[in-house]
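This report concerns only the one structure given below.
The figures here come from the full heavy-atom set of this structure, side chains too, leaving out hydrogens, waters and symmetry mates. Below, chains carry the letters A, B, ... as their sequence lines are ordered, and counting in each starts from 1. All figures in this text were calculated on a predicted structure; none of them were measured in a lab.
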Number of protein chains: 2
Amino acid sequence: MSRSPTIIDVARRAGVSKSVVSRVMRGERSVSSSSRAAVSAAAEQLGYRANAVARSLVQRRTYNVGVMVSDLHNIFFAEVLDGLYAAAAARGYRALITTGNRDPAAERIAVEQLLELRADGVVLAGARLEADVIAGFARSVPIALVGSDLRLRDVDVVVDDDSRGATLAVEHLVGLGHRDIALIDGGHGAGAAQRRAGYESAMRSAKLARFARIEPGDFTEEGGYEGARRLLRRGKRPTAIFASNDQSAVGALNAIEEADLDVPGDISLMGYDNTALAALRHISLTTVHQPRRQIGEMAMTAVLRRIERPGARAQRHVLAPRLVLRATTAKPSRSVKRSR
Amino acid sequence: MSRSPTIIDVARRAGVSKSVVSRVMRGERSVSSSSRAAVSAAAEQLGYRANAVARSLVQRRTYNVGVMVSDLHNIFFAEVLDGLYAAAAARGYRALITTGNRDPAAERIAVEQLLELRADGVVLAGARLEADVIAGFARSVPIALVGSDLRLRDVDVVVDDDSRGATLAVEHLVGLGHRDIALIDGGHGAGAAQRRAGYESAMRSAKLARFARIEPGDFTEEGGYEGARRLLRRGKRPTAIFASNDQSAVGALNAIEEADLDVPGDISLMGYDNTALAALRHISLTTVHQPRRQIGEMAMTAVLRRIERPGARAQRHVLAPRLVLRATTAKPSRSVKRSR
DNA sequence: TATACTGACGGGAACGTTCCCATTGGGAAC
DNA sequence: GTTCCCAATGGGAACGTTCCCGTCAGTATA
């Protein structure tokens, strides 16, 4: 654990100048093969490891891209991260992950730290940050947003068409014969507003505006559970619940089952995201798919593009969501129909 | 996006020397209040942000702790990360997360990069790295292991007593009357070997060694699914399956249900970790709890301790696991008993 | 033979901080 | 009034690289 060896130590040992060592380390040619061999041997013996801090200082770039994930408990982001990682590695960058635990203040600090570390770019995945805070960050570094469809100058955005996805969900339920369809909302979560808007407009289009009910939620299991409990307790029970994401749908499932009701017999239930959770046979949740890995890849690609072409304009990528039919939706039961 | 302001720009604007600016930024007293005000104002106006790269270079430390997580898809680690984060933040360090996607080669590269970034310490969560590779890393930086119980000089270890946990699981099943208890293994996963050993010795203690069956797995859902399918297809069907972690237990659940068998009616099923997955009412998996958050806190504390007291000896912390009874275990059914 | 070019190499400046040391001025103590 | 001390400040060195430029020997070209 003594002072770690520097390029100078290696140079001394190899009997060359620090310049030659630097060249060898960076894989430059225009180094004689004998020098190259001597340097490699010396580096190996000393256990030399390049100092990225010093390199970053002089190059004025780090080849790091910061990734702030709002919630590591939501497996939705795991696959987004896969995509982010893969795209970064393919272009010679590293992705460094931090999180703010769904707390805007903590998220802000996390991003601030990434900027102090001089990340060359930043991806915000599911950020709950205010638009002007993000705009502020965007003035010092290329930023890409995943999931939050904010229209900001100089900020790349990669989203699925959340409004369209919500419409698909409502249309599916309406097609089955449901009319009393409640939404468990996503609050300030990324994309929640769009999903809410899609739900509302789809309900209107189906002439079901008077049935529309929006129950507060926050994209967590706990939020879904509480939301569903309120829906079941209060007034006429809906025949279908559309939860703003899979995480909260699973919470709702818990509440429904706790109330001794059957899904989809008594209530149909839908989620959003098509996470691994939804695919579990035991849950088998009807949901809306978004291409998570691809979203991650596109976001990283967008940031890298603007890192390497500083003038380039930010872009907005909107991906098409897709309905995934599973076992939690069915025609409304007769008994409930009759009760109207 | 022009060159970001430095301490010198701020100094010039505030009409003081760079030393004073540095002092203000680091919150040193022994700066007159007028200078302090001038510097703060200038920094604010210029949008100055401290350059952690330059600071790290001169201080020869980064206040970064690298965290390499083997699998971000396994929510087990999400709560470990909560603990790691909290403990780091409380002591003025940042945690930077990377992953190797359960691939030893990728994990190695990920850690190597953390060392190039000159992380002051590294936490390996669920690492699948070879012991000598880890030992090599430990020669340049304090390392703590989460989940992998490797006895290495100068490496902190935080684990639950996996062998004991597995024993608890087997004893529970035996207590219910099971004898034909199969294990779905965790392969090279962290803690898998200990859980396997606990299973084997508990089976022996219960005089059930001849029933012991170890089916390969890898801590993933897919692995659990495949393992259970093989168990159900081949020979006498076990009356209980103990999966090495919740993730694979859920996969096994899928396979069992696909085979039109009832849990726990036809087969009892246990997991390990007590993740949020297991707690889902719809799954309600009997499992073994480990205090994830606390594990994360302890691991971070251990690394920080050795960062700040370079000579200190590494420690090994073993936490007690605890049985969590839920709905997937019951007495073996009569029909199966009779078939013996 | 003189000139130009090329490959290999070395040395110094720069990156943006922190840290150490020297300097200054004013007030307290005598 | 002198001495001493301390708070406040400034300047330079250092951290470990990369990058640029200059040098030098050897070879090709005229």
Qualifying salt bridge (charged side-chain N to carboxylate O under 4.0 Å, His left out) pairs with a residue from residues 30-42 of chain A, counting only residues at least two apart or across chains = none
May I ask you to say what B:Val53 touches in the nucleic acid, namely base, sugar-phosphate or nothing, with a heavy-atom cut-off under 4.0 Å?
-> nothing
What are the two closest non-hydrogen atoms of B:Ser35 and B:Val16, and how far apart are they?
-> OG-CG1, 4.4 Å
Rounded distance in Å - NZ (A:Lys18) to P (C:dA8) = 19 Å
Return a table of donor-acceptor pairs under 3.5 angstrom between the side chains of residues 74-97 of chain A and protein atoms on other chains or two or more places apart.
residue, atom, partner, partner atom, Å
A:Asn74, OD1, A:Phe76, N, 2.9
A:Glu79, OE1, A:Arg292, NE, 3.3
A:Glu79, OE1, A:Arg292, NH2, 2.9
A:Asp82, OD2, B:His73, NE2, 2.9
A:Tyr85, OH, B:Thr99, N, 3.1
A:Arg91, NH2, A:Glu308, OE1, 3.2
A:Tyr93, OH, A:Arg61, NH2, 2.4
A:Tyr93, OH, A:Glu308, OE2, 3.0
A:Arg94, NH1, A:Thr62, O, 3.1
A:Arg94, NH1, A:Asn64, OD1, 2.5

Under 3.5 Å donor-acceptor, B:Asp156 side chain and B:Gln315 backbone | yes
Inter- and intrachain pairs under salt bridge (charged side-chain N to carboxylate O under 4.0 Å, His left out), touching residues 99-115 of chain B, at least two apart = A:Arg49-B:Glu112, B:Asp71-B:Arg102, B:Arg108-B:Glu112
Describe, as an angle rounded to 10 degrees, how the axis at the first end of the helix from C:dT1-D:dA30 to C:dC30-D:dG1 is tilted relative to the axis at the last end, five pairs per end.
-> 40°
B:Arg29 vs A:Arg49, nearer the 5' end of DNA chain D by closest nucleotide | B:Arg29
Between B:Ala50 and A:Gly15, just flag the one whose closest nucleotide in DNA chain C comes earlier from the 5' side.
-> A:Gly15
Which is true for B:Ser56 with a 4.0 Å heavy-atom rule: it touches a base, it touches only sugar-phosphate, or it touches nothing?
-> nothing
5' priority, DNA chain C, between B:Arg23 and B:Ala54 [closest heavy atom] | B:Ala54
State whether the distance check finds a donor on one side and an acceptor on the other, under 3.5 Å, for side chain A:Ser32 versus base C:dG7.
-> no
With no hydrogens and no angle check, is any side-chain donor or acceptor of A:Ser148 less than 3.5 Å from a backbone partner on A:Leu150?
-> no
First contact, last contact: which nucleotides of DNA chain D are these for chain A, 5' to 3', heavy-atom distance under 4.0 Å?
-> D:dG16 to D:dC19
Between A:Met25 and B:Ser35, which is nearer to the 5' end of DNA chain D once each is assigned its nearest nucleotide?
-> B:Ser35
Is a donor on one side and an acceptor on the other found under 3.5 Å between the side chain of A:Arg60 and the backbone of B:Arg3?
-> no
Identify the heavy atoms of B:Ala50 and A:Arg118 that sit nearest to each other, and give their distance.
-> O-NH1, 3.2 Å
For residues 126-135 of chain B, dump all side-chain donor-acceptor pairs below 3.5 Å to protein atoms at least two apart in sequence or in another chain.
residue, atom, partner, partner atom, Å
B:Arg128, NH2, B:Asp218, O, 3.2

Scan B:Thr6 against the nucleic acid and name what it touches under 4.0 Å (heavy atoms): base, sugar-phosphate only, or nothing.
-> sugar-phosphate
